[in-house]
Amino acid sequence: MSSTIVFLGPSLDPETARRLLPGALFLPPAQCGDLLRVLRMNPRAIVLIDGLFEQRPAVWHKEIALTLERGVPVLGAASMGALRAAEMWPVGMLGVGWIFEQFRDGALMDDDEVAVVQGADGEALSDAMVNVRATVARAVEAKIVSGHSARRFLAQAKAVFYAERSLFDLVSRDPELVPLEAWIREHGVVDIKRQDAMAALVLARGFDETAWPSPPPVATPRTTFLRCALRLASCSPLHSPSPGLPERERVLLAARYLGSTYVQTKELALLRAALRDLVSQDDVTSLDELEATLLDSTRPDDVAAHVRWLVRLDIGRYELFVRAHFRERVPDTAPGQGAFLARPQARDGRASGSERGRDREREPSAATVPLLARAWRLVDLAFESAGIDADAESLKRWAIAYRVRHGLSTPQSMTAFLGENGLDAREWVEMVRMAALAQRAGHDLHLTTFFARDADERSHWLEQALRETGHWEAAERILDDPRRAILPRTSLEALERDFVFGEDRAEAELAELTGRRRLAATGA
């Protein structure tokens with residue numbers, strides 16, 4: 001069993017945290033799915049202190065319940081951890097500290113009591129209401145302000161939006177609170193969130209040295225949303241590098257710098273995870289096994305249907321769909337230029353060197369195309385066997401929308417498009433049908449909407465997909481030589497590759513991931 005994992009942000013500085021709980025793995029504030037992701041690291045326990053809640057979905061209650069069900073203790077305090085512990089203590093989550101107790105007992109009710117704005121370096125840029133309350137209460141005890149003035153001031157502070165709440169700004173605006181302002185400057189703000197975070201780490205250290213209490217039995221309903229979260233967690237790395245990450249997790253993070261190859265491999269991982277759920281066998285992991293098992297379960301009995309089924313197995317049209325699927329997502333391809341398979345051309349009719357480089361990066365990798373094609377074919381057959389299909393009206397809407405996007409508004413432009421891409425009318429309809437099915441499933445391929453198979457939170461389909469396509473070694477080489485990384489150039493590229501920031505931040509993260517100084521220059 002590995003170390004205790006702590007999700008920590010602005011509530012406590014890293015140096016103090018590591019001193020209080022040496023040997024722990026400290027990760028940035030948690031967001032939805034993070035507890036599921038770290039389960040594959042087999043942690044001794046999880047300490048939840050800080051979490052994201054507005055710019056990212058917050059930690060779900062059911063992922064905490066599932067973590068407890070797997071026998072991993074979860075301790076919460078100070079911020080998001082206190083909120084979740086106050087809600088989840090009846091099912092076995094541990095809570096510690098004044099903030100947790102106030103929420104548990106109903107004395108505090110609003111999330112904005114602990115909410116702060118977090119800066120780029122993890123610092124708090126606003127004051128939590130609980131810290132404002134604790135500071136004013138201490139001032140009342142010291143007879144700096146009266147109870148009436150304190151209540152009036154707290155009401156004013158509570159009315160301020162959490163992101164704009166500053167204790168010093170609020171105090172300085174009120175002439176009656178000049179003594180309070182001077183007192184705060186002399187004695188400082190009472191940081192109750194910091195105190196509770198420290199108490200949680202001290203308690204965790206004691207449990208690390210003896211034994212964590214075992215969570216009580218928990219039965220977590222496998223809702224559609226939880227199954228989707230499990231699958232996505234098994235197909236994605238952690239969100240950012242942290243000191244002490246296991247080598248495997250560092251390689252998975254580095255894979256994001258493979259460019260469009262990573263996007264394609266992640267989609268392969270999602271497809272394979274969904275397919276494993278379809279065949280309902282825990283021991284089936286390779287695409288060959290998935291294919292054999294699913295085809296055995298979907299093969300029709302009558303001769304006519306069997307012939308149609310064999311025609312559907314034509315892998316060529318699926319490979320064409322895979323290539324088109326990724327080419328279509330190129331944001332700067334000119335409409336009406338030939339369509340998504342044609343290379344973007346420079347003004348003189350020739351592709352420039354930079355355009356050719358970008359184009360190569362966006363092309364599906366040779367190793368990924370046949371695997372993705374096989375996976376899409378199986379998903380298509382599984383949908384058909386379940387009676388799920390895109391109706392004629394959906395196909396018509398998709399065809400119209402596609403033609404509008406690519407400037408194919410006339411018969412002449414449509415004929416040229418089909419010729420340039422080697423499509424006949426039947427293949428065009430088939431491609432639109434598959435695109436409609438893809439949309440029906442959702443781009444993230446949440447096939448649990450239709451199939452109720454549970455996912456294994458300790459599996460990692462992204463790693464398997466990277467290894468199967470031969471890209472694992474390329475990700476390892478990025479750790480050795482960061483100059484091999486392809487940094488995102490647009491916000492679309494960044495989002496597709498699990499980034500939430502631009503090229504400058506990506507460069508800084510890559511340097512941190514590889515343990516090197518910031519790179520002077522990076523490129524393919």
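Values below: every heavy atom of this structure, side chains too, minus hydrogens, waters and symmetry copies.
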* side chain to side chain donor-acceptor pair (under 3.5 Å) between Ser172 and Glu181: does it pass, once the steps are laid out? -> CA-CA 7 Å; Ser172 63; Glu181 181 180 5; 5.2 Å; no

* Step by step, would you call Tyr162 with Phe53 a ring pair (Phe, Tyr, Trp, His ring centres under 6.0 Å)? -> CA-CA 13 Å; Tyr162 84 91; Phe53 64 93; 5.6 Å; yes

* Decide salt bridge (charged side-chain N to carboxylate O under 4.0 Å, His left out) for Lys193 and Asp191; before the verdict, give the C-alpha distance in whole Å, the side-chain angles of both, and the deciding distance to 0.1 Å. => CA-CA 5 Å; Lys193 290 183 67 174; Asp191 195 342; over 6 Å; no

* To do: Start with the C-alpha distance between His239 and Asp34, add both sets of side-chain angles, then the distance that settles side chain to side chain donor-acceptor pair (under 3.5 Å), and finish with yes or no.
  => CA-CA 9 Å; His239 294 290; Asp34 277 349; 3.2 Å; yes

* Asked: Yes or no on side chain to side chain donor-acceptor pair (under 3.5 Å) for Ser11 and Arg194, after CA distance, side-chain angles and deciding distance?
  -> CA-CA 5 Å; Ser11 292; Arg194 175 183 172 86; over 6 Å; no

* To do: Go through the steps to decide whether Val116 and Leu125 satisfy the test side-chain contact (heavy atoms from CB on, under 4.5 Å), and finish with yes or no.
  => CA-CA 7 Å; Val116 297; Leu125 301 181; over 6 Å; no

* Residues His460, Arg37; criterion side-chain contact (heavy atoms from CB on, under 4.5 Å); working and verdict -> CA-CA 9 Å; His460 205 313; Arg37 289 181 183 89; over 6 Å; no

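A 4.5 Å side-chain heavy-atom check between Glu473 and Arg467 finds every atom pair outside the cut-off. Under the 4.5 Å side-chain criterion, counting only non-hydrogen atoms from C-beta, Val189 is in contact with Ile184. Taking the side chain as every heavy atom from C-beta outward, Glu63 and Thr220 never approach each other to under 4.5 Å. The shortest distance between side-chain heavy atoms of Glu113 and Leu83 does not fall below 4.5 Å. Under the 4.5 Å side-chain criterion, counting only non-hydrogen atoms from C-beta, Ser365 is in contact with His471. You'll find the side chain of Trp472 reaches within 4.5 Å of the side chain of Arg248, heavy atoms only. Counting heavy atoms from C-beta outward, Leu27 and Val38 have side chains that approach closer than 4.5 Å. Taking the side chain as every heavy atom from C-beta outward, Val136 and Phe153 approach each other to under 4.5 Å.
Residue pairs meeting the side chain to side chain donor-acceptor pair (under 3.5 Å) criterion with at least one partner in residues 92-111, sequence neighbours excluded, are Asp110-Lys158.
Here the closest non-hydrogen pair linking Ala273 and Ser234 is CB-OG, 4.4 Å. Across every non-hydrogen atom of Pro237 and Leu462, the tightest pair is CD-CD2, 3.8 Å.
Judged by a 6.0 Å distance limit and a 45° cone about the ring axis, Arg484 is not positioned over the six-membered ring of Tyr257.
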